[in-house]
Number of protein chains: 2
Amino acid sequence: MPKAKFTQSEKTTTAQNGATAEHVVEQIRSLIANGELRPGDRLPAERELAKQLGISRPSIRAGLRMLVARGVLRARHGSGTYVADGPPSLDSDQLSLLAELHGFTFDQMYEARQVLEVQAAGLAAERATPEHLAAISEEVAEMYAALEDPQQYLIHDIKFHRAIATASANPILATLVEMVSAVMYDQRRDTIGRAHDFKESVEMHQRLYRAIRSRKPDEARAAMHEHLALAHKAYRTEEGKLSKKKK
Amino acid sequence: MPKAKFTQSEKTTTAQNGATAEHVVEQIRSLIANGELRPGDRLPAERELAKQLGISRPSIRAGLRMLVARGVLRARHGSGTYVADGPPSLDSDQLSLLAELHGFTFDQMYEARQVLEVQAAGLAAERATPEHLAAISEEVAEMYAALEDPQQYLIHDIKFHRAIATASANPILATLVEMVSAVMYDQRRDTIGRAHDFKESVEMHQRLYRAIRSRKPDEARAAMHEHLALAHKAYRTEEGKLSKKKK
DNA sequence: GATAAAAATTGGCTTTACCACCAGGCGAGA
DNA sequence: TCTCGCCTGGTGGTAAAGCCAATTTTTATC
């Protein structure tokens with residue numbers, strides 16, 4: 001039963017400015033903040049919302065599209081519009097565009113990863129649940145299985161790091177790691193080489209996993225730091241070779 | 001079952017599915033990536049774009065609105081649509097909605113700030129330019145001036161921390177700090193009390209600034225860590241009083 | 001009872017039209 | 001001649017009506 005509960009704010013505001021679409025955003029936002037809309041819930045249909053709020057459907061669509069772009073909603077053609085439920089910012093394009101705009105460099109990305117993930121690894125070692133550990137372990141196994149497939153290896157590499165961030169039990173950190181790693185993946189996917197010493201890399205991951213499982217935060221931090229430093233260095237030499245070959 | 005596909009979405013651009021609006025996003029994105037559109041530039045008019053791309057105007061608008069929501073573009077009524085030029089994510093609502101969605105707690109926020117800002121302070125101490133130092137110093141002065149005005153004090157507190165993040169010379173870190181602090185500010189603005197010992201707080205900021213100016217990364221990190229820990233503790237006691245009073 | 005076809009629901013796109021805001025030019029008045 | 005004010009063209013913002021495509025639900029058929 002659709003609860004006609006959208007407060008129908010009587011657009012007394014006259015809204016002479018450009019706020020009709022923003023109004024929609026605010027409505028949905030407040031519904032979410034009040035807990036009336038929970039992740040996974042389905043919103044009323046657009047035509048329904050338009051009637052309830054007294055706003056035209058295009059404007060409703062404009063507001064919803066903003067929230068979709070921000071990763072708060074998820075529109076499924078033919079089914080309905082839902083509140084995002086999965087991991088925060090599933091698409092994680094958020095930073096990608098800004099990255100292209102401001103020209104983030106790989107050095108900066110690795111530096112940011114050092115800041116975020118070293119601490120995340122430490123927290124994970126303190127607080128990881130058995131489920132978290134299983135998820136991390138599984139990615140290590142997948143990496144072993146993908147030693148000969150750079151594309152697949154990269155995917156599970158990223159997922160491994162995200163699993164650790166999730167295990168830190170701090171969703172904010174997890175979201176930030178997710179964003180940065182998404183940018184990394186986007187930029188890296190197409191240019192991944194073949195000459196990597198995945199063997200050594202996967203063993204470092206293994207060591208990192210063991211440190212977390214053994215609940216040794218210091219070791220986990222050290223292992224993550226070392227791993228990222230090595231990955232960064234590997235990337236730089238690869239990049240050097242590429243640019244040299246270019247000439 | 002399809003394995004999780006990261007950001008993928010559509011590089012292939014085939015997709016007769018819901019891709020008309022996405023197509024616009026991709027077009028603009030590539031223009032930005034190719035450097036044909038630089039921050040501050042003005043985009044062609046919507047009607048013009050519609051003709052050029054052979055897409056109806058509402059769809060063009062839908063795509064542009066997505067980019068506006070992501071902070072990449074800025075639309076000015078009556079004038080045109082421009083590429084965002086200012087600091088990354090000027091609005092910084094990005095996380096705010098996710099915060100309300102997933103119920104980020106203050107403890108988590110302070111923890112994330114610890115991770116980000118302690119390291120940012122260290123980097124700032126290594127790389128801050130005279131301009132950066134001036135910006136930081138100015139915010140300290142403003143805080144002294146606003147000792148009696150909690151609202152103003154909070155604003156300059158945030159700006160102080162952002163200035164340090166900017167001085168880290170890593171735009172990614174600066175952006176992340178910006179996001180987290182925006183969430184913090186949104187949640188805090190309305191509930192800021194009066195009983196804070198701003199005097200002690202501002203002196204800690206002063207000390208932190210001096211450490212950065214003197215190029216002492218270790219001291220800067222320590223000062224930032226201590227400052228955030230104290231702020232966190234102060235918040236917790238205040239919160240405790242409030243919830244007790246509530247009963 | 002199971003399976004396939006059809007109808008209803010819903011988001012996506014187009015067309016057309018009008019409104020509100022901004023900028024620069026043009027003319028009336030000083 | 002200079003300045004002020006209005007006005008016109010261009011731009012983003014909103015609205016209405018209609019059709020298409022994907023999904024879900026219902027219904028009919030075997």
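Chain letters run A, B, ... following the sequence lines, proteins first, then strands; residues in each count from 1.
Atom CZ in A:R74 sits roughly 17 Å away from atom P in D:dA22 (whole-Å rounding). The CD1-P distance, from B:I55 to C:dC13, rounds to 9 Å in whole Å. Taking atom CD1 of A:I60 as the reference point, atom P of C:dG12 lies 14 Å away to the nearest angstrom. Between the NE2 atom of B:H77 and the P atom of D:dT14 there is a distance of 8 Å, rounded to whole Å. Put simply, CZ on B:R47 is 12 Å from C1' on C:dT16, counting in whole angstrom units. When rounded to the nearest whole Å, the span between CZ of A:R61 and C1' of C:dG11 equals 6 Å. The nearest whole Å value for the distance from the CD atom in A:E46 to the C1' atom in D:dA22 is 14 Å. Regarding B:E22, its CD atom lies at a distance of 14 Å from the C1' atom of C:dG11, rounded to whole Å.
Look at A:T20 and you won't find any side-chain N or O under 4.0 angstrom from OP1 or OP2 of D:dG13. Taking only side-chain nitrogens and oxygens, A:T81 comes nearer than 4.0 Å to OP1 or OP2 of C:dG11. In this model, the phosphate group of D:dA15 is approached by a side-chain N or O of A:S59 to a distance below 4.0 Å at OP1 or OP2. Between B:S79 and the phosphate of C:dC21, there is no side-chain N or O to OP1/OP2 separation shorter than 4.0 Å.
Here A:R57 contributes atom CZ and A:R61 contributes atom CZ; the two are 6.0 Å apart, rounded to the nearest 0.5 Å.
Between A:H161 and A:H205, the ring-plane angle classifies as perpendicular under the 30° and 60° cut-offs.
Each of A:Y82 and A:S56 was matched to the nucleotide of DNA chain D holding its nearest heavy atom; the match closer to the 5' end belongs to A:S56. Nearest-nucleotide positions on DNA chain D for B:R65 and B:R42 put B:R42 closer to the 5' end.
Under 3.5 Å, the side chain of B:R76 and the base of D:dG13 form no donor-acceptor pair of N or O atoms. The base of C:dG12 lies close enough to the side chain of A:R57 for a donor and an acceptor atom to sit less than 3.5 Å apart.
Looking at B:Y209 and B:L133, their side chains come closer than 4.5 Å, going by heavy atoms from C-beta outward.
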When you look at A:T129 and A:H132, which way does the side-chain hydrogen bond (donor to acceptor under 3.5 Å, both in side chains) test go after all the steps? CA-CA 5 Å; A:T129 67; A:H132 290 147; 3.2 Å; yes
A:Y153 and A:E148: CA distance, side-chain angles, deciding distance, side-chain contact (heavy atoms from CB on, under 4.5 Å) verdict: CA-CA 8 Å; A:Y153 187 88; A:E148 300 303 323; over 6 Å; no
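At a threshold of 4.0 angstrom between heavy atoms, the contacts of B:L64 with the nucleic acid are absent.
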